[in-house]
Amino acid sequence: MVAQSTRYAGTDTTHMAAPNIWTHRLLGVLGVVGVLTVMQLLVAGGAVSGSAMPTATDMIASVANLLVSRTFVLAVLDTIRSALIAFVVCMALAVPLGLLIGSNRHVEQAFDGRYQFIAQQLSLPNERCLVRVAVCCG
């Protein structure tokens, strides 16, 4: 690793190169395992009532049962289907509206006042506001 020295606000700091992505993943897994271990030990040791907090093994068993449940899988698939339908409907409205606004100077001028007003109200740059304006005006 190569150390870089920089001066910021009158202080000298030394920054090391960014750690590997696997280091972050490993730390995340160790954090989750640590929390689950503490939960299990608190309930098993009697420091916390089993009715107040489930044990880690009970939680893992519940998640495993939920993942193989037909009802859960169908609910997830239904949610994904609904999101895709909403996306297609929004695209079917927004693309023709965007083409119309972009191709006709008079239509662009008609929408420009609304667009600028909404952009100012939301305090967003014009690029970030475009989708919201298309939804509001479409």
Item to complete: List, by chain and number, the other hydrophobic cluster members for L30, where Ile, Leu, Val, Met, Phe, Trp and Tyr join if side-chain heavy atoms come within less than 4.5 Å, directly or indirectly.
Response: L26

Under 3.5 Å, which donor-acceptor pairs link side chains of residues 64-73 to any protein atom two or more places apart or in another chain?
from	atom 1	to	atom 2	distance (Å)
N65	ND2	A61	O	3.3
S69	OG	T71	N	3.4

With a cut-off of 3.5 Å and sequence neighbours excluded, list every side-chain donor-acceptor pair involving residues 36-46.
from	atom 1	to	atom 2	distance (Å)
T37	OG1	V33	O	2.7
Q40	OE1	A56	N	2.9
Q40	OE1	T57	N	3.2

Discussion item. For residues V29 and I60: do they belong to one hydrophobic cluster (side chain heavy atoms under 4.5 Å, members Ile, Leu, Val, Met, Phe, Trp, Tyr)?
Written reply: no

Worksheet item: Taking the side chain as C-beta and beyond, is there a heavy-atom pair between M59 and T55 under 4.5 Å?
Response: no

Discussion item. Which residues pass the side-chain hydrogen bond (donor to acceptor under 3.5 Å, both in side chains) test with R81, not counting sequence neighbours?
Written reply: D78

Practice prompt. Please list, chain by chain and in numerical order, all residues satisfying side chain to side chain contact (heavy atoms under 4.5 Å, CB included) with A52, sequence neighbours excluded.
Written response: V48, S49

If you look only at distance, which donor and acceptor atoms sit under 3.5 Å apart when one is on a side chain in residues 88-111 and the other is two or more places apart or in another chain?
from	atom 1	to	atom 2	distance (Å)
S103	OG	L99	O	2.8
S103	OG	L100	O	3.4
N104	OD1	H106	N	2.9

